[in-house]
Student: 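Take this structure, written in structure tokens, and hold onto it; I'll ask about it next.
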There are 2 protein chains.
Amino acid sequence: MKDPTNPVCRTISTLLSRIGDKWTVLVVQTLGDGPKRFNQLRREIPSVSQRMLTLTLRNLERDGLVSRTVTPTIPPRVDYELTELGQSLQKPICGLATWALDNVEAIHGAQARFDAEQDAKAEAA
Amino acid sequence: MKDPTNPVCRTISTLLSRIGDKWTVLVVQTLGDGPKRFNQLRREIPSVSQRMLTLTLRNLERDGLVSRTVTPTIPPRVDYELTELGQSLQKPICGLATWALDNVEAIHGAQARFDAEQDAKAEAA
DNA sequence: CCGTATCCTCCAGGATACTG
DNA sequence: CAGTATCCTGGAGGATACGG
């Protein structure tokens with residue numbers, strides 16, 4: 001089940017890494033409300049670099065989560081859009097997000113207690 | 001909503017990174033069937049290094065997802081166990097996993113098509 | 001406008017050795 | 001047994017410059 005050579009496990013853990021990477025979720029979320037052009041995405045996610053946005057989109061395209069449509073006008077125009085598969089991913093992601101939302105307080109509390117205890121120990125030294 | 005300075009967004013994205021990191025999910029999953037001792041975890045996740053297991057557990061403990069119980073015998077004994085919060089996280093994680101499972105085929109297919117197309121382009125050169 | 005190419009930095013994470 | 005300390009390397013990801 002957690003044998004790293006198992007191809008299914010590898011797919012799952014790749015997906016999890018993808019989810020956990022710096023930009024994927026943000027991009028998927030942003031594409032959630034319809035197709036967007038490249039620079040439109042850049043504007044809506046100001047912190048992403050051009051390079052990283054390109055790479056993220058390429059990965060999503062490769063996985064079949066996002067479609068890329070080129071209109072060879074001048075200047076060129078490229079539209080990105082969630083595929084059906086991509087849209088279906090939104091639900092489980094959303095599940096995770098709501099869990100986080102529901103438990104921010106609890107988590108922050110736990111962290112505060114933990115850190116306080118660490119400080120207390122440091123004090124004792 | 002995607003303002004990185006927003007504390008709620010930061011918590012969410014930290015959680016996502018946590019989910020996406022190399023060991024967290026594996027550890028949570030492994031603790032899913034009851035409390036485990038340190039080396040017991042190491043054995044069940046052979047690929048994890050001692051260092052990384054320690055760090056992962058510390059993070060989980062800090063976030064209140066895992067409890068750490070020390071029994072100061074000789075040799076010492078330390079038990080790790082999912083807290084209620086930790087257990088509640090299993091559901092959304094599982095949601096993601098099932099999505100992955102349900103769509104492995106589709107993803108692999110998309111990847112194959114994508115790669116084939118890339119090769120075709122490389123060929124043309 | 002939409003990328004690719006290159007360079008550079010930083011740190012996650014492995015290997016190893018040591019302690020209580 | 002359950003860690004901490006230290007060193008080291010690969011690769012993620014930013015900045016910048018260029019091309020179609």
Side-chain angles (χ1 to χ4, degrees), chain A residues 2 4 13-27 30-31 35-62 66-81 114 117-118 121-122 124-125, chain B residues 4 13-27 30-31 35-63 66-81 114 117-118 121-122 124-125:
Chain A
K2 35 189 110 76
S13 82
T14 321
L15 172 79
L16 291 175
S17 314
R18 197 61 45 89
I19 298 298
D21 86 8
K22 222 173 170 185
W23 304 113
T24 301
V25 168
L26 220 44
V27 170
T30 307
L31 285 177
K36 300 268 168 75
R37 300 180 57 177
F38 188 83
N39 279 350
Q40 204 172 347
L41 282 169
R42 281 193 75 182
R43 275 190 301 274
E44 301 196 26
I45 313 175
S47 42
V48 74
S49 68
Q50 188 167 12
R51 175 185 139 86
M52 277 304 109
L53 182 54
T54 305
L55 288 178
T56 305
L57 287 168
R58 280 291 171 285
N59 281 327
L60 288 171
E61 192 198 353
R62 186 175 116 96
V66 159
S67 71
R68 178 174 181 271
T69 322
V70 184
T71 317
T73 52
I74 294 187
R77 171 198 181 104
V78 181
D79 288 275
Y80 292 95
E81 183 174 10
F114 185 92
E117 205 148 329
Q118 294 318 84
K121 294 205 166 186
Chain B
S13 83
T14 321
L15 172 79
L16 292 175
S17 313
R18 196 61 44 88
I19 298 298
D21 86 7
K22 222 173 170 184
W23 305 112
T24 301
V25 168
L26 221 43
V27 170
T30 306
L31 285 176
K36 299 268 168 76
R37 299 179 57 177
F38 188 83
N39 279 350
Q40 203 171 348
L41 282 169
R42 280 193 76 182
R43 275 190 301 275
E44 301 197 24
I45 313 174
S47 43
V48 74
S49 68
Q50 188 166 17
R51 176 185 139 84
M52 275 305 110
L53 182 55
T54 305
L55 289 177
T56 305
L57 288 167
R58 281 290 172 286
N59 282 327
L60 289 170
E61 192 197 352
R62 186 174 114 95
D63 290 350
V66 159
S67 70
R68 179 173 180 271
T69 322
V70 184
T71 317
T73 52
I74 295 186
R77 172 199 180 101
V78 181
D79 287 276
Y80 292 95
E81 183 174 10
F114 186 91
E117 206 148 329
Q118 294 318 84
K121 293 204 167 186

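Every chain is numbered from 1, with letters handed out A, B, ... down the list of sequences.
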Student: Which residues pass the side-chain contact (heavy atoms from CB on, under 4.5 Å) test with B/V78, sequence neighbours left out?
Tutor: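 B/V78 satisfies side-chain contact (heavy atoms from CB on, under 4.5 Å) with B/R68, B/V70, B/Y80 only.
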Student: How would you list, by chain and number, every residue that makes a side chain to side chain donor-acceptor pair (under 3.5 Å) with A/R58, sequence neighbours excluded?
Tutor: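 Checked A/R58 against side chain to side chain donor-acceptor pair (under 3.5 Å); zero matches.
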Student: Students often get this wrong, so: under 4.0 angstrom with heavy atoms, is A/R42 touching a base, only sugar-phosphate, or nothing?
Tutor: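 Here A/R42 touches no strand at all.
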Student: Checking A/R37 now: which residues fulfil side chain to side chain donor-acceptor pair (under 3.5 Å) with it, not counting sequence neighbours?
Tutor: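 Counting only residues at least two positions away or on another chain, A/R37 forms no side chain to side chain donor-acceptor pair (under 3.5 Å).
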Student: For nucleotides 4-20 of chain C, just jot down a letter per nucleotide in 5' to 3' order: B, S or -, based on protein non-hydrogen atoms under 4.0 Å.
Tutor: B-B------BBB----B
Student: Residues two or more places apart in sequence or in another chain: which of them pass side chain to side chain donor-acceptor pair (under 3.5 Å) with A/D21?
Tutor: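 Only A/T24 meet the side chain to side chain donor-acceptor pair (under 3.5 Å) criterion with A/D21.
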Student: Looking only at side-chain N and O atoms, does B/R37 come under 4.0 Å of OP1 or OP2 in D/dA2?
Tutor: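 Answer is yes, contact under 4.0 Å.
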Student: In whole Å, what is the span from the OH atom of A/Y80 to the P atom of C/dC2?
Tutor: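 Distance check: A/Y80 OH to C/dC2 P gives 8 Å.
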Student: Only counting residues at least two apart or in another chain, list the ones meeting salt bridge (Lys or Arg N to Asp or Glu O under 4.0 Å) with A/R77.
Tutor: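 A/R77: salt bridge (Lys or Arg N to Asp or Glu O under 4.0 Å) contacts with A/D79.
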Student: How many whole angstroms separate atom CG of A/L41 from atom P of C/dC2?
Tutor: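 After rounding, the reported distance stands at 9 Å.
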Student: Taking the side chain as everything from C-beta on, heavy atoms only, tell me whether A/L55 gets closer than 4.5 Å to A/W23.
Tutor: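 The answer is no, as the side chains (C-beta and beyond) never meet within the 4.5 Å cut-off.
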Student: Just the rounded figure in Å: distance from C1' of C/dC1 to CZ of A/R68.
Tutor: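 Interatomic distance, CZ of A/R68 to C1' of C/dC1: 12 Å.
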Student: Output the rounded distance in Å from CZ (A/R18) to C1' (D/dG13).
Tutor: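 So the two atoms are 15 Å apart, to the nearest Å.
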Student: What is the separation between atom CD on A/E61 and atom P on C/dC2, rounded to the nearest whole Å?
Tutor: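 The distance from CD of A/E61 to P of C/dC2 comes to 15 Å, rounded to the nearest Å.
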